[in-house]
Structure formats: structure tokens, C-alpha cells
2 protein chains.
Amino acid sequence: MRTSCRFGMAVHVLAVLAYKDGDRVTSAGLAHSVNTNPVIVRRLLLALKRAKLVDTSKGAGAGSRLNCSPNHINLGAVYRAVEAAEPFATPSRRPNAACPVGHCIRQTLERIFASARAALELDLEKTTLGDVLRAVKASGACSRKNGQKNKRAV
Amino acid sequence: MRTSCRFGMAVHVLAVLAYKDGDRVTSAGLAHSVNTNPVIVRRLLLALKRAKLVDTSKGAGAGSRLNCSPNHINLGAVYRAVEAAEPFATPSRRPNAACPVGHCIRQTLERIFASARAALELDLEKTTLGDVLRAVKASGACSRKNGQKNKRAV
DNA sequence: CCATTGTGTAATAACAATTGTTACAAATAG
DNA sequence: CTATTTGTAACAATTGTTATTACACAATGG
């Protein structure tokens with residue numbers, strides 16, 4: 001199974017916004033944390049905006065921030081916001097319809113795929129962005145305790 | 001989310017073998033049903049053989065057949081046999097370690113991914129190749145009932 | 001009002017992964 | 001021995017994603 005990294009990137013971006021607690025962050029700022037190009041982040045933000053997970057404004061002093069509390073954003077919603085396609089792909093060439101199996105396997109596969117996807121989303125829904133934020137903060141606290149330099153940038 | 005079609009193809013191939021009920025089928029025969037190249041099927045069969053799901057022999061009159069009853073093969077095992085990678089990808093470029101979020105987000109993502117993958121596999125495990133075979137046969141019976149010509153090939 | 005900042009978007013390049021194809025050695029059956 | 005079929009390598013074709021550049025448009029702040 002091959003996947004785009006959009007979901008992971010979306011969680012990362014949202015975690016930064018949660019960490020910034022209401023302050024607006026520009027696509028360039030987010031891109032710097034993710035280590036990618038601002039345009040990539042903007043495309044992701046469009047999807048997150050469509051799903052009403054973030055609030056993005058234009059112009060000087062603008063940027064994005066969360067649209068609601070991290071505890072009210074679950075990762076299933078994030079997944080649905082940024083991943084359009086089915087997690088499983090069917091071969092691009094159609095099966096041989098002259099074969100009793102090829103003739104009807106696609107329907108069966110689709111049911112299997114839909115069920116698996118639902119199970120996947122259900123699992124993701126159990127975790128909120130709040131959980132992610134707490135994990136991040138705990139990790140930061142731990143680093144500091146271990147004497148590592150307290151990292152600043154973003 | 002981008003995915004290879006290996007899993008779907010594997011289910012298709014195994015369904016054909018189940019349908020053929022112990023008769024050996026060549027990679028060319030399977031490829032004809034899937035509508036792909038025999039080498040693609042052979043590569044898939046190698047993975048299925050490694051997982052002991054099929055029994056493949058070489059030489060004249062050879063081919064592949066199931067290694068056990070369709071009811072004893074669940075789709076979770078098929079998934080594990082043919083899909084090496086995590087269903088979710090992390091961006092190829094590493095997050096900015098100088099950001100408190102970028103610094104530790106990967107660990108958190110990995111836990112999320114592992115949990116989702118487990119949920120996915122658990123769902124797949126609920127379906128057996130026997131279930132798939134019955135769906136295929138039911139569909140075939142239905143086509144015949146509806147007066148469609150009974151397809152023969154493969 | 002105007003300069004600055006930043007998003008939205010298109011076009012396109014670079015890259016990665018999968019799928020498809022051809023070719024051939026090795027194994028096996030008859 | 002010959003025909004058949006797998007295993008495998010090498011490589012081309014295809015597809016999809018990510019990265020980059022460029023620029024119009026919107027909004028802000030002086």
C-alpha cells in the first residue's frame with residue numbers, strides 16, 4: 001500500500017496551529033516546520049478550510065489558526081478532509097469480464113475496501129488533536145528535563 | 001492516499017484459485033483473468049507463496065493452487081502477505097527539528113499510524129476467501145438467472 | 001491611497017513508485 | 001529430449017506526488 005503523506009502532514013500542521021493556540025501562522029511558517037514548500041501547505045490548508053477545521057485569512061498579518069478547540073478535532077475528520085481517494089486501489093485495467101471471477105470481483109472488492117476504510121476512520125476518530133498536542137508537549141517537557149537545549153524556532 | 005493495487009489483485013487471484021478448487025492455474029491463466037502481464041502475477045504469487053497461502057510448482061503442467069481451504073484464509077493474512085509498507089506515508093523530508101512540534105511529531109504519527117493499521121487488518125481478518133468465493137458464485141448464479149450468457153473463459 | 005504581506009492558483013519540473021514488457025535460465029513432466 | 005512454466009533481471013512506460021516558480025488578487029496597516 002502506497003500512500004500520500006498528506007494525512008501525516010495535515011496532523012503536523014494542525015499540531016503546530018494547536019501549539020500556537022489561536023495565533024495565526026503563515027503558510028511559510030508552517031512550511032518551515034514541516035520542511036516543505038509553502039505552496040504545498042497552502043494546498044493542504046485549502047482542504048482543511050473546506051472541512052472547517054482551520055480559519056485562513058489573507059493579507060498582511062494574516063495566516064491560519066484552528067477553527068475550534070483541539071479536543072474537538074478528531075483525526076478521522078482530518079483524514080476525511082485531506083484524503084479524497086479510497087485507501088485501496090483497484091488495478092487500472094479492468095478484469096476480464098469473460099471470467100466468472102473477473103466478471104464480478106470488483107463489486108466484492110469494493111465492499112471489502114469500504115469496510116476496511118470505515119474501520120480505519122473509526123480508529124482515527126478515537127484520537128483528537130488535543131491528544132496529539134499533549135503528546136507533543138510531553139515530549140518537549142521530557143527533552144528539557146533531559147537537559148537538551150530548549151528548541152525555539154517555528 | 002495513494003495505494004498499490006496489489007491487495008485487490010491478490011484477492012482476485014486467490015478467488016480464481018478458490019474457484020478452480022484445487023486445480024493448478026498458470027500465471028498466464030491468472031493474468032488473463034486479472035487482465036495484466038503474467039510476470040506481475042508471478043511476482044504476486046511469490047509473496048503469497050512466502051506466506052504459504054498458495055502452492056506453486058514449476059515445469060510443464062504446473063501452476064498454482066491454494067494451500068488450504070478458502071475458509072481458512074482471511075484477508076488480513078492476504079494483506080500482510082502482499083503489502084509490505086505502512087498504509088500511511090510520512091513526508092520524505094524530515095520535519096524541522098528546531099520546532100517543538102517538528103521535533104517530535106514523527107513518533108506521535110507513528111503511534112497513530114500503527115493503531116490505524118491494526119484496525120484495518122482487524123477488519124480485513126473478518127472476511128475469508130470463502131466469503132469472497134461465495135459472493136462470486138452468488139453473483140454468477142444471479143447473472144445466469146437474469147438470462148445473461150454464462151461466461152466461460154478462464 | 002499605496003506599499004507590503006500573504007493567499008489562491010496555474011504551469012511545470014523533478015522525483016518516486018508501480019506496472020508492464022521482454023528475455024532468458026532453471027526446473028519439471030512426459 | 002522437448003515442451004512447458006516459473007523465477008528473475010533489466011528496462012521502458014505510466015502514473016501520481018511533491019517541489020518550484022510566478023503572478024493575480026485580497027487585506028492590512030500606515
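Reckoned from all heavy atoms, side chains included, excluding hydrogens, waters and symmetry mates. In what follows, every chain begins at residue 1, and chains take the letters A, B, ... in the order their sequences are listed.
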How many whole angstroms separate atom [atom1] of [X] from atom [atom2] of [N]?
X      : N       : atom1 : atom2 : value
E86(A) : dG16(D) : CD    : C1'   : 17 Å
L44(A) : dA19(D) : CG    : C1'   : 14 Å
R6(B)  : dA17(C) : CZ    : P     : 15 Å
L46(A) : dA10(C) : CG    : C1'   : 13 Å
R24(B) : dT28(C) : CZ    : C1'   : 11 Å
N35(A) : dA19(D) : CG    : C1'   : 12 Å
N37(A) : dA14(C) : CG    : P     : 15 Å
R50(A) : dT7(C)  : CZ    : P     : 16 Å

Inset, instruction - Could you list all the salt bridge (Lys or Arg N to Asp or Glu O under 4.0 Å) pairs where at least one residue sits in residues 54-78 of chain B, not counting sequence neighbours? - result: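 Only R24(B)-D55(B), D55(B)-R65(B) qualify under salt bridge (Lys or Arg N to Asp or Glu O under 4.0 Å).
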Inset, instruction - Check side chain to side chain donor-acceptor pair (under 3.5 Å) between N74(B) and all other residues, then give those that pass, not counting sequence neighbours. - result: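 N74(B): no side chain to side chain donor-acceptor pair (under 3.5 Å) contacts found.
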Legend entry - Contacts of type side chain to side chain donor-acceptor pair (under 3.5 Å), residue T127(A), not counting sequence neighbours: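 Expected list: none.
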Legend entry - Interface residues of residues 51-59 of chain B with DNA chain D (non-hydrogen, below 4.0 angstrom):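 When residues 51-59 of chain B is checked for heavy atoms under 4.0 Å from DNA chain D, the hits, listed by number, are T56(B), S57(B), K58(B), G59(B).
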Taking 4.0 Å as the cut-off, does a side-chain nitrogen or oxygen of [X] come that near to OP1 or OP2 on [N]?
X      : N       : answer
K49(B) : dG7(D)  : yes
T36(B) : dG20(C) : yes
R42(A) : dT7(C)  : yes
S27(A) : dG6(C)  : no

Under 3.5 Å, side-chain donor or acceptor atoms of residues 35-51 of chain B against the rest of the protein: list the pairs with distances, not counting sequence neighbours.
from, atom 1, to, atom 2, distance (Å)
N35(B), ND2, R94(A), O, 2.9
N37(B), OD1, V39(B), N, 3.0
R42(B), NH1, S27(B), OG, 3.1

Legend entry - Nearest-nucleotide comparison on DNA chain D, the residue closer to the 5′ end among R43(B) and G63(B):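 Between the two, 5'-proximity favours G63(B).
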Inset, instruction - Hey, which sits more toward the 5' end of DNA chain C by its nearest nucleotide, G61(A) or V39(A)? - result: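 Going by which nucleotide is closer to the 5' end, it is G61(A).
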Inset, instruction - Establish, from distance only, whether the side-chain atoms of H12(A) and S33(A) form a donor-acceptor pair under 3.5 Å. - result: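 Note: H12(A) and S33(A) side chains meet the donor-acceptor criterion.
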Inset, instruction - Using modelled atom types only, decide if a donor and an acceptor are shared between the side chain of N96(A) and the backbone of G102(A) within a distance under 3.5 Å. - result: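 Pair absent, no side-chain N/O of N96(A) close to backbone of G102(A).
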Inset, instruction - Any pair with a residue in residues 105-116 of chain B that passes side chain to side chain donor-acceptor pair (under 3.5 Å), sequence neighbours left out, goes on the list, sorted by first then second residue, please. - result: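 Every pair satisfying side chain to side chain donor-acceptor pair (under 3.5 Å) with a residue in residues 105-116 of chain B: D123(A)-S115(B).
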Inset, instruction - Can you check whether any acceptor in the base of dG20(C) is under 3.5 Å from a donor in the side chain of R93(A), or vice versa? - result: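 Counting by modelled atom types and ignoring angles, no donor-acceptor contact under 3.5 Å is found here.
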